[in-house]
Amino acid sequence: MISYPGIAIFNRLKIEGTENLEQLPENNVLFVSNHQTYFADVIVFIHIFCAVKWRRHNRLGLPFCLFNPFTHVYFVAAEETMRSSWISRLFILAGALTVKRTWRHEATEVRRVRRGLDPFDTRKIHRALGKNWVITFPQGTTKPFAPGRKGTAYIIKNNRPIVIPVVINGFWRAFTKQGLQFKKRGVLLSVQFKPPLQIDYDADVNIILEQVMDAIEQSRQFMLKGPHDHSGVQ
């Protein structure tokens, strides 16, 4: 309820492709998206899922749907980010699956040297997919055109979920990086849900990751297409 005005009143929200969500099963669905703020992206996704539950097509409408929200959804987030403040700790209760990965600490990009995937992290995501939808951001950073992480491809290969690509734009312009304060009002926020990817789950993880990065328009071919804004979306 608190976030609704910033999304639908002080800014404008354009939603496309919710028809691709209406016939999805209640579990083993993975949403992969580009990333522009720490929290606003996920908050808007949850608003949209609630609206779709109430059979609203490509619009939020009045927020009556929040009285009976869609709750079978988790989102993958860096452990360090989610434990950095009291508000982010509160957001863990909204369905965060915290994982150990590259994170920003005191304005410096820090990389944890690890071999393979943390089995505990993958088990958490596997259990969540068993009964829910899961949102993940393959780049693990808000920097546009950053390379995708192989962990997303391993999740897809091992769990064989329905994969829905999402392309967002405008969030970096409207909100601070934390996504909790305005930078500018009257911004057009766009969220496009694409049809499920046709994936060869037996393919190499590099091929799966390349397919995902193309679908969320963050691959090298999109970077080289021409002039683009900070979001990385044409």
Side-chain angles (χ1 to χ4, degrees), residues 1-77 82 87-88 90-99 124-138 142 152 155-156 159 161-171 174-175 179-180 188-197 212 215-217 233:
M1 294 295 292
I2 293 172
S3 60
Y4 178 86
I7 296 167
I9 298 177
F10 298 120
N11 292 294
R12 296 169 292 139
L13 180 61
K14 178 183 178 182
I15 308 169
E16 298 179 272
T18 57
E19 65 275 8
N20 296 314
L21 312 184
E22 294 174 356
Q23 301 301 319
L24 292 175
E26 294 183 355
N27 67 313
N28 209 31
V29 178
L30 183 69
F31 292 83
V32 293
S33 176
N34 61 314
H35 201 20
Q36 296 188 351
T37 73
Y38 292 162
F39 302 118
D41 312 2
V42 168
I43 290 170
V44 171
F45 286 4
I46 295 174
H47 274 281
I48 295 171
F49 295 160
C50 292
V52 170
K53 179 180 178 179
W54 281 52
R55 302 184 184 281
R56 291 176 179 167
H57 301 278
N58 293 327
R59 66 186 183 91
L60 292 187
L62 296 175
F64 296 118
C65 60
L66 298 182
F67 291 106
N68 183 21
F70 181 85
T71 57
H72 289 281
V73 58
Y74 284 82
F75 59 96
V76 180
M82 298 308 296
I87 190 69
S88 60
L90 181 64
F91 285 169
I92 292 177
L93 301 178
L97 298 170
T98 57
V99 299
K124 284 194 293 187
I125 297 171
H126 173 76
R127 287 195 298 267
L129 282 169
K131 295 183 179 180
N132 306 273
W133 294 357
V134 172
I135 304 165
T136 189
F137 303 95
T142 57
T152 298
I155 291 168
I156 294 170
N159 293 279
I162 296 173
V163 180
I164 304 292
V166 189
V167 177
I168 65 171
N169 197 3
F171 290 80
F175 302 102
L180 301 176
L188 176 62
L189 310 174
S190 66
V191 180
Q192 179 189 13
F193 296 94
K194 295 185 176 182
L197 291 180
V212 167
I216 65 173
E217 301 181 9
V233 181

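As a basis for the values below, the full set of heavy atoms in this structure was taken, side chains included, without hydrogen atoms, waters or symmetry mates.
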Main chain of [Y], side chain of [X]: is a donor-acceptor contact present, judged purely on distance under 3.5 Å?
{"X": "H126", "Y": "A128", "result": "no"}
{"X": "N34", "Y": "I168", "result": "yes"}
{"X": "D41", "Y": "Q36", "result": "yes"}

- Item | Intermediate values then yes/no, side-chain contact (heavy atoms from CB on, under 4.5 Å), V167 and K194 | CA-CA 8 Å; V167 177; K194 295 185 176 182; 3.8 Å; yes

- Task: Check the pair I164 / I162 against side-chain contact (heavy atoms from CB on, under 4.5 Å), numbers first and verdict last.
- Result: CA-CA 7 Å; I164 304 292; I162 296 173; 4.1 Å; yes

- Item | Contacts of S190 that satisfy side chain to side chain donor-acceptor pair (under 3.5 Å) - sequence neighbours left out |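 Partners of S190 by the side chain to side chain donor-acceptor pair (under 3.5 Å) criterion come out as none, since no residue qualifies.
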
- Message: I'd like to check the side-chain contact (heavy atoms from CB on, under 4.5 Å) partners of R127; sequence neighbours left out, ordered by chain and number.
- Response: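 By the side-chain contact (heavy atoms from CB on, under 4.5 Å) rule, R127 matches R123, K124.
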
May I have the list of side-chain donor-acceptor pairs in residues 2-10 shorter than 3.5 Å, sequence neighbours left out?
from: S3; atom 1: OG; to: H47; atom 2: NE2; distance (Å): 2.9
from: Y4; atom 1: OH; to: G61; atom 2: O; distance (Å): 2.6

- Query: Between S33 and P138, which heavy-atom pair has the shortest distance, and what is it?
  - Reply: O-CD, 3.3 Å

Got a second to check how far [X]'s [atom1] is from [Y]'s [atom2], nearest 0.5 Å?
{"X": "T98", "Y": "M82", "atom1": "OG1", "atom2": "CE", "result": "8.0 Å"}
{"X": "Y38", "Y": "S88", "atom1": "OH", "atom2": "OG", "result": "11.0 Å"}
{"X": "N159", "Y": "I125", "atom1": "CG", "atom2": "CD1", "result": "8.5 Å"}
{"X": "L129", "Y": "T136", "atom1": "CG", "atom2": "OG1", "result": "9.5 Å"}

Going by atom type alone, with no hydrogens or angles, which donor-acceptor pairs under 3.5 Å involve a side-chain atom of residues 66-75 and a protein atom two or more places apart or on another chain?
from: N68; atom 1: OD1; to: K53; atom 2: NZ; distance (Å): 3.3
from: H72; atom 1: ND1; to: N132; atom 2: OD1; distance (Å): 3.4

- Any idea how F31 and W133 line up, ring-wise: parallel (<30°), tilted (30 to 60°), or perpendicular (>60°)?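 Tilted.
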
- Task: Test side-chain contact (heavy atoms from CB on, under 4.5 Å) on E22 and R55 and set out the steps.
- Result: CA-CA 8 Å; E22 294 174 356; R55 302 184 184 281; over 6 Å; no

- Task: May I have the step-by-step check of side-chain contact (heavy atoms from CB on, under 4.5 Å) for I15 and L60, ending in yes or no?
- Result: CA-CA 9 Å; I15 308 169; L60 292 187; 4.1 Å; yes

- Residues at least two apart in sequence or cross-chain that pass ring pair (Phe, Tyr, Trp, His ring centres under 6.0 Å) with F171, listed by chain then number, are none

- Message: With a 6.0 Å cut-off (strictly less than), is the heavy-atom count around CD of Q23, excluding the residue itself, greater than 12?
- Response: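 At most 12 heavy atoms, drawn from other residues, nucleotides or ligands, come within 6.0 Å of this atom.
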
- Query: Tell me the side chain to side chain donor-acceptor pair (under 3.5 Å) pairs involving residues 9-20, sequence neighbours left out?
  - Reply: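 As it turns out, the side chain to side chain donor-acceptor pair (under 3.5 Å) pairs with a partner in residues 9-20, which skip direct neighbours, are T18-N58.
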
Report yes if the side chains of [X] and [Y] come closer than 4.5 Å at any heavy-atom pair, otherwise no.
{"X": "V212", "Y": "P165", "result": "no"}
{"X": "V134", "Y": "L97", "result": "yes"}
{"X": "I48", "Y": "V191", "result": "yes"}

- Pick one: which of I216, V42, T152 meets side-chain contact (heavy atoms from CB on, under 4.5 Å) with F137? V42

